[in-house]
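To keep things clear, I will list the structure first and then write my remarks on it.
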Amino acid sequence: MSGPSRLEDIPFRETLADEPQVPALANIFASNDELRAAARLYWLRHTKAGVLNTVFHQLLSFCPSSFVSNFGEWLVPSARRSYRHKIFPKRIERNFKALTAGLWRTPEEQELGLDRWWINIGRTISEFSIVNRLWRESRIEVEGLKHLQTVQESGGVPIFVSMHLATWEALFVAIHTHLAGPSIGPFQPETNRFKNRIVHAIRKQRNQYLFPPGQKSAYRLRRLMATRQYSMTIFIDEVRDKQVHVPLFGRKPPSRGNVVVAAKIANICDGTLLPTYLTRTGPARFKLTILPAVPKTGEQQHYDIPETVLSLNKVFEPIVLDRIEEWYMLGELRLPGNFEKSPYAQALAARNQQGVA
(Lines give C-alpha, C1' and ligand atoms only; values in the text may rest on other atoms or scores of the structure.)
Protein backbone atom coordinates (compact mmCIF):
# COMPACT_ATOMS: atom_id res chain seq x y z
CA MET A 1 0.00 0.00 0.00
CA SER A 2 1.56 3.27 -1.10
CA GLY A 3 0.80 6.80 -0.02
CA PRO A 4 1.45 8.92 3.07
CA SER A 5 1.26 7.22 6.44
CA ARG A 6 2.18 10.34 8.42
CA LEU A 7 0.17 13.51 8.82
CA GLU A 8 3.31 15.56 8.23
CA ASP A 9 3.39 14.28 4.65
CA ILE A 10 -0.14 15.51 3.87
CA PRO A 11 -0.60 19.20 2.99
CA PHE A 12 -3.14 20.66 5.39
CA ARG A 13 -4.95 22.42 2.52
CA GLU A 14 -6.17 18.99 1.42
CA THR A 15 -8.47 18.88 4.45
CA LEU A 16 -10.50 21.74 2.95
CA ALA A 17 -13.76 20.55 1.44
CA ASP A 18 -14.03 20.69 -2.34
CA GLU A 19 -15.59 23.89 -3.55
CA PRO A 20 -18.22 24.06 -6.29
CA GLN A 21 -17.34 24.97 -9.82
CA VAL A 22 -17.53 28.73 -10.26
CA PRO A 23 -20.45 29.66 -12.54
CA ALA A 24 -20.15 32.57 -14.92
CA LEU A 25 -21.21 35.82 -13.25
CA ALA A 26 -23.29 36.68 -16.30
CA ASN A 27 -25.43 33.61 -15.66
CA ILE A 28 -27.19 35.56 -12.91
CA PHE A 29 -29.29 36.93 -15.78
CA ALA A 30 -29.35 33.75 -17.89
CA SER A 31 -32.60 32.67 -19.51
CA ASN A 32 -31.90 29.04 -18.58
CA ASP A 33 -33.48 28.36 -15.18
CA GLU A 34 -30.80 25.95 -13.96
CA LEU A 35 -27.90 28.17 -14.96
CA ARG A 36 -29.54 31.22 -13.43
CA ALA A 37 -30.36 29.40 -10.16
CA ALA A 38 -26.81 28.03 -9.81
CA ALA A 39 -25.24 31.43 -10.47
CA ARG A 40 -27.52 33.26 -8.06
CA LEU A 41 -26.90 30.67 -5.34
CA TYR A 42 -23.13 30.96 -5.75
CA TRP A 43 -22.72 34.71 -6.33
CA LEU A 44 -25.62 36.12 -4.34
CA ARG A 45 -27.13 33.92 -1.62
CA HIS A 46 -24.01 32.03 -0.55
CA THR A 47 -21.78 35.07 -0.88
CA LYS A 48 -24.09 37.28 1.18
CA ALA A 49 -24.50 34.67 3.93
CA GLY A 50 -20.81 33.75 3.79
CA VAL A 51 -19.54 37.30 4.15
CA LEU A 52 -21.87 37.92 7.11
CA ASN A 53 -20.79 34.67 8.77
CA THR A 54 -17.12 35.49 8.25
CA VAL A 55 -17.46 38.99 9.71
CA PHE A 56 -19.41 37.78 12.73
CA HIS A 57 -16.96 34.92 13.28
CA GLN A 58 -13.98 37.26 13.29
CA LEU A 59 -15.63 39.79 15.59
CA LEU A 60 -16.94 37.22 18.05
CA SER A 61 -13.56 35.50 18.31
CA PHE A 62 -12.34 38.51 20.34
CA CYS A 63 -15.30 38.47 22.76
CA PRO A 64 -15.75 36.69 26.11
CA SER A 65 -17.06 33.16 25.69
CA SER A 66 -20.29 33.65 27.66
CA PHE A 67 -21.08 36.77 25.63
CA VAL A 68 -20.54 34.84 22.39
CA SER A 69 -22.93 32.10 23.48
CA ASN A 70 -25.59 34.56 24.64
CA PHE A 71 -25.23 36.52 21.41
CA GLY A 72 -26.12 33.35 19.51
CA GLU A 73 -29.30 33.01 21.55
CA TRP A 74 -30.15 36.66 20.93
CA LEU A 75 -30.07 36.08 17.15
CA VAL A 76 -32.49 33.14 17.23
CA PRO A 77 -35.83 35.02 16.91
CA SER A 78 -34.71 36.93 13.82
CA ALA A 79 -33.23 33.78 12.29
CA ARG A 80 -36.47 31.85 12.80
CA ARG A 81 -38.45 34.66 11.18
CA SER A 82 -36.16 34.61 8.15
CA TYR A 83 -36.62 30.83 7.82
CA ARG A 84 -40.41 30.81 8.29
CA HIS A 85 -41.15 30.06 4.62
CA LYS A 86 -38.48 27.36 4.28
CA ILE A 87 -39.17 23.64 4.37
CA PHE A 88 -36.60 22.60 6.97
CA PRO A 89 -38.17 24.41 9.98
CA LYS A 90 -41.36 22.46 9.35
CA ARG A 91 -39.33 19.24 9.19
CA ILE A 92 -37.61 20.15 12.46
CA GLU A 93 -40.96 20.78 14.15
CA ARG A 94 -42.47 17.53 12.89
CA ASN A 95 -39.41 15.51 13.94
CA PHE A 96 -39.33 17.14 17.36
CA LYS A 97 -43.02 16.49 18.02
CA ALA A 98 -42.82 12.91 16.73
CA LEU A 99 -39.81 12.00 18.88
CA THR A 100 -41.10 13.73 22.02
CA ALA A 101 -44.74 12.63 21.80
CA GLY A 102 -46.17 11.94 25.25
CA LEU A 103 -43.40 13.88 26.97
CA TRP A 104 -45.35 17.10 27.53
CA ARG A 105 -48.24 17.99 29.80
CA THR A 106 -49.42 20.81 27.54
CA PRO A 107 -48.85 22.03 23.96
CA GLU A 108 -47.19 25.11 25.45
CA GLU A 109 -44.56 22.94 27.14
CA GLN A 110 -43.85 21.28 23.80
CA GLU A 111 -43.42 24.65 22.09
CA LEU A 112 -40.98 25.73 24.80
CA GLY A 113 -39.02 22.54 24.19
CA LEU A 114 -38.81 23.35 20.49
CA ASP A 115 -37.74 26.89 21.37
CA ARG A 116 -34.88 25.44 23.44
CA TRP A 117 -33.76 23.41 20.41
CA TRP A 118 -33.45 26.60 18.37
CA ILE A 119 -31.67 28.39 21.21
CA ASN A 120 -29.10 25.59 21.46
CA ILE A 121 -28.48 25.81 17.71
CA GLY A 122 -28.03 29.57 17.91
CA ARG A 123 -25.55 29.20 20.75
CA THR A 124 -23.70 26.40 18.94
CA ILE A 125 -23.22 28.32 15.71
CA SER A 126 -21.99 31.35 17.63
CA GLU A 127 -19.68 29.26 19.84
CA PHE A 128 -17.74 28.00 16.82
CA SER A 129 -15.97 31.37 16.98
CA ILE A 130 -14.39 30.55 20.34
CA VAL A 131 -14.42 26.74 20.29
CA ASN A 132 -10.63 26.35 20.32
CA ARG A 133 -10.29 28.09 23.66
CA LEU A 134 -13.10 26.32 25.54
CA TRP A 135 -10.79 23.74 27.11
CA ARG A 136 -8.16 26.32 28.05
CA GLU A 137 -10.87 28.27 29.86
CA SER A 138 -11.94 25.14 31.80
CA ARG A 139 -15.35 25.12 30.14
CA ILE A 140 -15.38 21.39 29.36
CA GLU A 141 -15.62 18.90 32.20
CA VAL A 142 -14.95 15.23 31.55
CA GLU A 143 -16.82 12.24 32.92
CA GLY A 144 -15.75 8.63 32.35
CA LEU A 145 -12.06 9.34 31.78
CA LYS A 146 -11.28 5.93 33.28
CA HIS A 147 -12.70 4.24 30.18
CA LEU A 148 -10.20 6.04 27.95
CA GLN A 149 -7.37 5.32 30.38
CA THR A 150 -8.20 1.61 30.31
CA VAL A 151 -7.79 1.57 26.52
CA GLN A 152 -4.58 3.62 26.61
CA GLU A 153 -3.00 1.55 29.38
CA SER A 154 -3.64 -1.64 27.40
CA GLY A 155 -1.90 -0.17 24.35
CA GLY A 156 -5.13 0.11 22.40
CA VAL A 157 -6.12 2.68 19.82
CA PRO A 158 -9.14 4.73 20.93
CA ILE A 159 -11.81 5.41 18.32
CA PHE A 160 -14.25 7.96 19.70
CA VAL A 161 -17.72 7.46 18.24
CA SER A 162 -20.15 10.30 18.74
CA MET A 163 -23.28 12.28 17.82
CA HIS A 164 -23.78 15.93 16.87
CA LEU A 165 -24.89 17.10 20.30
CA ALA A 166 -24.44 20.60 21.76
CA THR A 167 -21.36 22.32 20.25
CA TRP A 168 -19.91 19.10 18.89
CA GLU A 169 -16.75 20.76 17.55
CA ALA A 170 -15.68 21.19 21.18
CA LEU A 171 -15.48 17.40 21.41
CA PHE A 172 -12.91 17.42 18.59
CA VAL A 173 -10.96 20.10 20.49
CA ALA A 174 -10.91 18.27 23.81
CA ILE A 175 -9.89 14.93 22.33
CA HIS A 176 -7.28 16.24 19.88
CA THR A 177 -5.56 18.82 22.04
CA HIS A 178 -5.82 17.25 25.49
CA LEU A 179 -7.20 13.72 25.86
CA ALA A 180 -5.90 11.51 23.05
CA GLY A 181 -4.23 13.54 20.32
CA PRO A 182 -3.41 13.69 17.59
CA SER A 183 -6.92 12.68 16.61
CA ILE A 184 -8.06 12.39 13.00
CA GLY A 185 -11.33 11.54 11.32
CA PRO A 186 -13.85 12.40 8.61
CA PHE A 187 -16.17 15.38 8.59
CA GLN A 188 -19.26 16.44 6.69
CA PRO A 189 -18.87 19.74 4.82
CA GLU A 190 -21.43 22.52 4.80
CA THR A 191 -23.10 23.52 1.56
CA ASN A 192 -21.70 27.07 1.80
CA ARG A 193 -18.04 27.38 0.80
CA PHE A 194 -17.50 30.29 3.20
CA LYS A 195 -18.60 28.18 6.18
CA ASN A 196 -16.20 25.44 5.12
CA ARG A 197 -13.36 27.94 4.98
CA ILE A 198 -14.19 29.16 8.49
CA VAL A 199 -14.22 25.61 9.88
CA HIS A 200 -11.00 24.79 8.01
CA ALA A 201 -9.26 27.80 9.59
CA ILE A 202 -10.48 26.80 13.06
CA ARG A 203 -9.03 23.32 12.65
CA LYS A 204 -5.81 24.60 11.14
CA GLN A 205 -5.32 26.75 14.22
CA ARG A 206 -5.15 23.61 16.35
CA ASN A 207 -3.49 21.54 13.58
CA GLN A 208 -6.17 18.86 13.44
CA TYR A 209 -6.54 16.82 10.26
CA LEU A 210 -10.19 16.04 9.57
CA PHE A 211 -10.85 14.85 6.04
CA PRO A 212 -13.80 15.59 3.72
CA PRO A 213 -15.80 12.75 2.14
CA GLY A 214 -14.39 10.75 -0.75
CA GLN A 215 -12.37 7.68 -1.64
CA LYS A 216 -9.06 9.49 -1.21
CA SER A 217 -9.94 10.49 2.34
CA ALA A 218 -11.22 7.01 3.19
CA TYR A 219 -7.98 5.49 1.94
CA ARG A 220 -5.91 7.98 3.92
CA LEU A 221 -7.81 7.35 7.13
CA ARG A 222 -7.35 3.59 6.82
CA ARG A 223 -3.64 3.97 6.14
CA LEU A 224 -3.06 6.49 8.92
CA MET A 225 -5.01 4.48 11.49
CA ALA A 226 -3.17 1.29 10.53
CA THR A 227 0.00 2.91 11.94
CA ARG A 228 -1.65 3.01 15.40
CA GLN A 229 -0.15 6.46 15.95
CA TYR A 230 -3.43 8.35 16.05
CA SER A 231 -6.82 8.24 17.67
CA MET A 232 -9.95 8.76 15.61
CA THR A 233 -13.06 10.84 16.28
CA ILE A 234 -16.04 10.01 14.09
CA PHE A 235 -19.67 11.11 14.16
CA ILE A 236 -22.07 8.38 13.11
CA ASP A 237 -25.20 10.51 12.66
CA GLU A 238 -23.93 12.04 9.41
CA VAL A 239 -26.18 12.81 6.44
CA ARG A 240 -25.96 10.34 3.57
CA ASP A 241 -28.35 10.28 0.62
CA LYS A 242 -30.32 13.14 2.21
CA GLN A 243 -30.97 11.09 5.34
CA VAL A 244 -29.64 10.59 8.87
CA HIS A 245 -29.48 6.81 9.33
CA VAL A 246 -28.34 6.61 12.96
CA PRO A 247 -30.01 6.61 15.47
CA LEU A 248 -32.35 4.08 13.93
CA PHE A 249 -35.64 5.22 15.53
CA GLY A 250 -37.18 1.90 14.52
CA ARG A 251 -35.77 1.93 10.99
CA LYS A 252 -33.61 -0.64 9.21
CA PRO A 253 -29.92 -0.62 10.26
CA PRO A 254 -27.59 0.83 7.60
CA SER A 255 -25.01 -1.33 5.83
CA ARG A 256 -22.69 1.59 5.07
CA GLY A 257 -21.83 5.03 6.38
CA ASN A 258 -19.72 6.28 9.28
CA VAL A 259 -21.07 3.73 11.75
CA VAL A 260 -19.79 0.94 9.50
CA VAL A 261 -16.54 2.79 8.78
CA ALA A 262 -15.83 3.12 12.50
CA ALA A 263 -16.15 -0.63 13.07
CA LYS A 264 -14.09 -1.51 10.00
CA ILE A 265 -11.24 0.82 10.92
CA ALA A 266 -11.29 -0.50 14.48
CA ASN A 267 -10.76 -3.97 13.05
CA ILE A 268 -7.93 -2.76 10.81
CA CYS A 269 -5.93 -1.12 13.62
CA ASP A 270 -7.10 -3.30 16.52
CA GLY A 271 -8.82 -0.21 17.83
CA THR A 272 -11.44 0.14 20.54
CA LEU A 273 -14.76 1.90 20.00
CA LEU A 274 -15.47 4.42 22.76
CA PRO A 275 -18.95 6.00 22.68
CA THR A 276 -18.45 9.65 23.59
CA TYR A 277 -20.76 12.63 23.58
CA LEU A 278 -21.03 16.26 24.60
CA THR A 279 -23.87 17.95 26.49
CA ARG A 280 -24.48 21.57 27.36
CA THR A 281 -24.31 22.63 31.00
CA GLY A 282 -24.59 26.39 30.42
CA PRO A 283 -23.56 29.20 28.08
CA ALA A 284 -20.33 27.96 26.46
CA ARG A 285 -20.02 25.25 29.13
CA PHE A 286 -20.15 21.51 28.47
CA LYS A 287 -19.72 18.02 29.85
CA LEU A 288 -17.88 15.45 27.76
CA THR A 289 -18.92 11.91 28.67
CA ILE A 290 -16.86 8.84 27.74
CA LEU A 291 -18.81 5.60 28.07
CA PRO A 292 -17.47 2.04 28.44
CA ALA A 293 -15.94 0.57 25.29
CA VAL A 294 -18.12 -1.39 22.91
CA PRO A 295 -17.09 -5.04 23.50
CA LYS A 296 -15.52 -7.10 20.75
CA THR A 297 -16.81 -10.55 19.90
CA GLY A 298 -15.57 -13.94 18.66
CA GLU A 299 -12.33 -15.81 19.19
CA GLN A 300 -10.38 -13.20 17.23
CA GLN A 301 -11.88 -10.36 19.27
CA HIS A 302 -13.08 -8.15 16.45
CA TYR A 303 -16.16 -6.06 15.72
CA ASP A 304 -18.89 -7.85 13.85
CA ILE A 305 -20.29 -5.07 11.64
CA PRO A 306 -24.08 -5.66 11.87
CA GLU A 307 -23.86 -6.44 15.59
CA THR A 308 -21.75 -3.34 16.24
CA VAL A 309 -24.20 -1.10 14.39
CA LEU A 310 -26.98 -2.33 16.68
CA SER A 311 -24.77 -1.99 19.77
CA LEU A 312 -23.91 1.61 18.98
CA ASN A 313 -27.53 2.43 18.27
CA LYS A 314 -28.50 0.89 21.61
CA VAL A 315 -26.04 3.26 23.27
CA PHE A 316 -26.82 6.45 21.41
CA GLU A 317 -30.53 6.36 20.63
CA PRO A 318 -31.60 6.84 24.27
CA ILE A 319 -28.99 9.59 24.68
CA VAL A 320 -30.26 11.50 21.65
CA LEU A 321 -33.88 11.10 22.73
CA ASP A 322 -33.01 12.33 26.20
CA ARG A 323 -31.05 15.27 24.74
CA ILE A 324 -33.22 15.94 21.71
CA GLU A 325 -33.11 19.69 22.40
CA GLU A 326 -29.35 19.61 21.73
CA TRP A 327 -29.27 17.31 18.70
CA TYR A 328 -28.24 19.31 15.63
CA MET A 329 -29.19 16.63 13.10
CA LEU A 330 -32.88 16.91 13.91
CA GLY A 331 -33.06 19.24 10.92
CA GLU A 332 -31.63 16.63 8.55
CA LEU A 333 -33.64 13.61 9.74
CA ARG A 334 -36.44 12.51 7.42
CA LEU A 335 -38.81 10.23 9.29
CA PRO A 336 -41.14 7.98 7.29
CA GLY A 337 -44.51 9.52 6.44
CA ASN A 338 -46.36 7.05 8.69
CA PHE A 339 -43.83 7.20 11.52
CA GLU A 340 -46.27 8.48 14.14
CA LYS A 341 -48.47 5.40 13.62
CA SER A 342 -45.58 2.92 13.72
CA PRO A 343 -45.19 0.47 16.63
CA TYR A 344 -41.87 2.13 17.50
CA ALA A 345 -43.42 5.61 17.77
CA GLN A 346 -46.37 4.36 19.81
CA ALA A 347 -44.07 2.52 22.21
CA LEU A 348 -41.87 5.62 22.50
CA ALA A 349 -44.87 7.82 23.31
CA ALA A 350 -46.03 5.34 25.93
CA ARG A 351 -42.61 5.36 27.61
CA ASN A 352 -42.55 9.14 27.54
CA GLN A 353 -45.98 9.29 29.19
CA GLN A 354 -44.80 6.97 31.95
CA GLY A 355 -41.89 9.30 32.60
CA VAL A 356 -44.19 12.32 32.88
CA ALA A 357 -46.74 10.61 35.12
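Residue numbers count from 1 along this sequence.
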Kindly write out the residues that satisfy salt bridge (charged side-chain N to carboxylate O under 4.0 Å, His left out) with Arg193, not counting sequence neighbours, or none if the list is empty. none
Which is it for Thr297 and His302 under the side chain to side chain donor-acceptor pair (under 3.5 Å) test, yes or no, and what are the steps along the way? CA-CA 6 Å; Thr297 59; His302 77 299; 4.9 Å; no
Under the rule for side-chain hydrogen bond (donor to acceptor under 3.5 Å, both in side chains), what residues qualify as partners of Glu19, not counting sequence neighbours? Arg197
Clusters formed by hydrophobic residues whose side-chain heavy atoms approach within less than 4.5 Å: which one holds Phe29, and what are its other members? Val22, Leu25, Ile28, Tyr42, Trp43, Leu44
For [X], which residues count as a side-chain contact (heavy atoms from CB on, under 4.5 Å) partner, sequence neighbours excluded?
{"X": "Ser217", "value": "Phe211, Pro212"}
{"X": "Ala345", "value": "Phe339, Ser342"}
{"X": "Pro306", "value": "Asp304"}
{"X": "Arg285", "value": "Arg139, Thr281"}

How would you list all residue pairs meeting salt bridge (Lys or Arg N to Asp or Glu O under 4.0 Å) that involve residues 56-65, not counting sequence neighbours? none
Residue pairs, two or more places apart or on separate chains, that pass salt bridge (Lys or Arg N to Asp or Glu O under 4.0 Å) and touch residues 246-260: Asp241-Arg256
Please collect all side-chain hydrogen bond (donor to acceptor under 3.5 Å, both in side chains) contacts where either partner lies in residues 74-83, sequence neighbours excluded, each pair once. Arg80-Asp115
Ring centroid separation Trp168 to Phe286 under 6.0 Å: no
Listing, residues 172-183 side-chain donor-acceptor contacts under 3.5 Å, not counting sequence neighbours, or none:
from, atom 1, to, atom 2, distance (Å)
His176, ND1, Ser183, N, 3.1
His176, NE2, Arg206, O, 3.1
His176, NE2, Asn207, O, 3.2
Thr177, OG1, Val173, O, 2.5
His178, ND1, Trp135, NE1, 3.2
Ser183, OG, Ser231, OG, 2.9
Ser183, OG, Thr233, OG1, 2.8

Side chains of residues 144-151: which donor-acceptor pairs under 3.5 Å do they make with residues two or more places apart or in other chains?
from, atom 1, to, atom 2, distance (Å)
Thr150, OG1, Lys146, O, 2.9

